[in-house]
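Some notes on the structure that comes next.
Just follow the structure's listing: the first ligand is 1, and inside any ligand the first atom is 1.
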Amino acid sequence: MTADRKSHSSPAARGGLVVAIDGPSSSGKSTVGTEVASRLRYRFCDTGLLYRAIAWLALERRVAPTDVAGLVPLAAEIRLVADSRGRLRRVEADGRDVTVEVRSAVVDRAVSDYSKVPELRVALVSRQRAIAAEGGIIMAGRDIGTVILPNADVKIFLSASPEERARRRAAQRKTTEEGEAEQILDELRRRDAIDSSREIAPLRPAPDALLVNTDGNTFDQTVAMVVSAIRSAEGGAGGR
Ligand code: DC
């Protein structure tokens with residue numbers, strides 16, 4: 001066990017390593033992270049769901065991003081829900097499943113303005129750390145390797161050009177209209193700018209992150225790169 005892992009118990013005791021995957025919108029963190037987690041039998045947590053669900057609830061209740069006192073308590077009404085393989089890929093707000101709603105274009109447009117509120121981010125730190133505490137987890141977000149889990153065993157920063165990410169997002173939405181595709185690209189650029197320039201926990205790679213640019217990669221190639229980074233860290237940590 002090396003010094004930079006000093007805050008964790010041994011990987012074997014925890015049932016696997018702690019893996020942070022950060023990157024901008026539509027860089028593939030969630031799809032790649034989910035697939036890698038299935039192959040390695042790790043748990044998975046998409047922290048973007050927390051911010052999305054809070055933004056969704058705030059929009060429902062007409063709480064503005066500037067209304068910090070109204071916003072922070074909403075975090076307590078959000079619950080991540082695990083599937084049978086321990087993957088936290090569904091979210092409940094106000095007692096009901098809103099996983100589909102939180103991926104709407106309305107939430108897409110609003111979420112960066114909510115997630116840059118420092119008090120809200122602080123309220124979510126211990127929760128995310130508690131999820132990762134047992135190990136054997138891949139946690140995806142923007143600040144996982146830099147702020148939430150600075151001692152993570154493996155840190156990956158996934159990136160791709162805005163054009164490539166916009167193409168993937170358009171394909172996901174089955175968009176064929178050029179106007180809509182351009183709108184997706186503009187929207188991605190706007191969110192990148194807010195997420196990267198905010199004062200607290202801006203989107204940026206941790207100094208010790210492995211940078212993976214997925215432009216031109218197939219999904220399987222990217223998955224293989226991440227699996228191999230984790231396997232070699234598992235070997236370095238004494239195996240599982
Ligand atoms: O990864 P995503 O597109 O689902 O994230 C939605 C928003 O939440 C995005 O604008 C940035 C924010 N977010 C964040 O600030 N920190 C995280 N750890 C995860 C997401």
- Task: Taking K155 for its side chain and P150 for its backbone only, find out whether a donor-acceptor pair lies under 3.5 Å.
- Result: yes
- Query: Counting both backbone and side chain atoms, is some N or O of T47 under 3.5 Å from an N or O of ligand 1?
  - Reply: yes
- Task: Among D186, L188, I194, D192, find the residue that satisfies the side chain to side chain contact (heavy atoms under 4.5 Å, CB included) test when tested with R190.
- Result: I194
- Task: Just need the protein heavy atom nearest to atom 8 (O) of ligand 1, so name the residue and atom and give the distance.
- Result: Y51 CB, 3.4 Å
- Rounded distance [0.5 Å steps], CD1 in I138 versus CZ in R43: 11.0 Å
- Task: Looking only at distances, please establish whether an N/O atom of ligand 1 is found under 3.5 Å from an N/O atom of R198.
- Result: yes
- CZ of R90 to CG of L49: how many Å apart, nearest 0.5 Å? 9.5 Å
- Task: Answer with yes or no whether the hydrophobic clustering places V147 together with F157; edges join I, L, V, M, F, W, Y residues whose side-chain heavy atoms lie under 4.5 Å apart.
- Result: no
- Query: Atoms of ligand 1 less than 4.0 Å from R191 heavy atoms?
  - Reply: 3 (O), 6 (C), 9 (C), 10 (O)
- Nearest protein heavy atom with distance in Å, relative to atom 4 (O) of ligand 1: R52 NE, 2.6 Å
- Could you list which atoms of ligand 1 come closer than 4.0 Å to a heavy atom of G48? 4 (O), 5 (O), 19 (C), 20 (C)
- Message: Side chain, backbone, both or neither: which applies to K116 and ligand 1 if a contact is any heavy-atom pair less than 4.0 Å apart?
- Response: neither
- Query: Is there a donor-acceptor contact under 3.5 Å from the side chain of R87 to the main chain of F44?
  - Reply: no
- Query: At what distance is the nearest protein heavy atom to atom 12 (C) of ligand 1, and which residue and atom is it?
  - Reply: S115 OG, 3.4 Å
- Task: For K29, counting its heavy atoms only, list the atoms of ligand 1 lying under 4.0 Å from any of them.
- Result: 1 (O)
- Message: To the nearest 0.5 Å, what is the distance between CZ on R165 and CZ on R189?
- Response: 9.0 Å
- Item | Salt bridge present between E163 and R167 (N-O < 4.0 angstrom) | no
- Task: Find all atoms of ligand 1 within a distance of less than 4.0 Å from any non-hydrogen atom belonging to S112, and give their numbers and elements.
- Result: 10 (O)
- Task: Out of Q128, R169, R142, R121, indicate the one that has the non-hydrogen atom closest to atom 15 (O) of ligand 1.
- Result: R121
- Taking only heavy atoms of D195 into account, list the atoms of ligand 1 that are under 4.0 Å away from them. 9 (C), 10 (O), 11 (C)
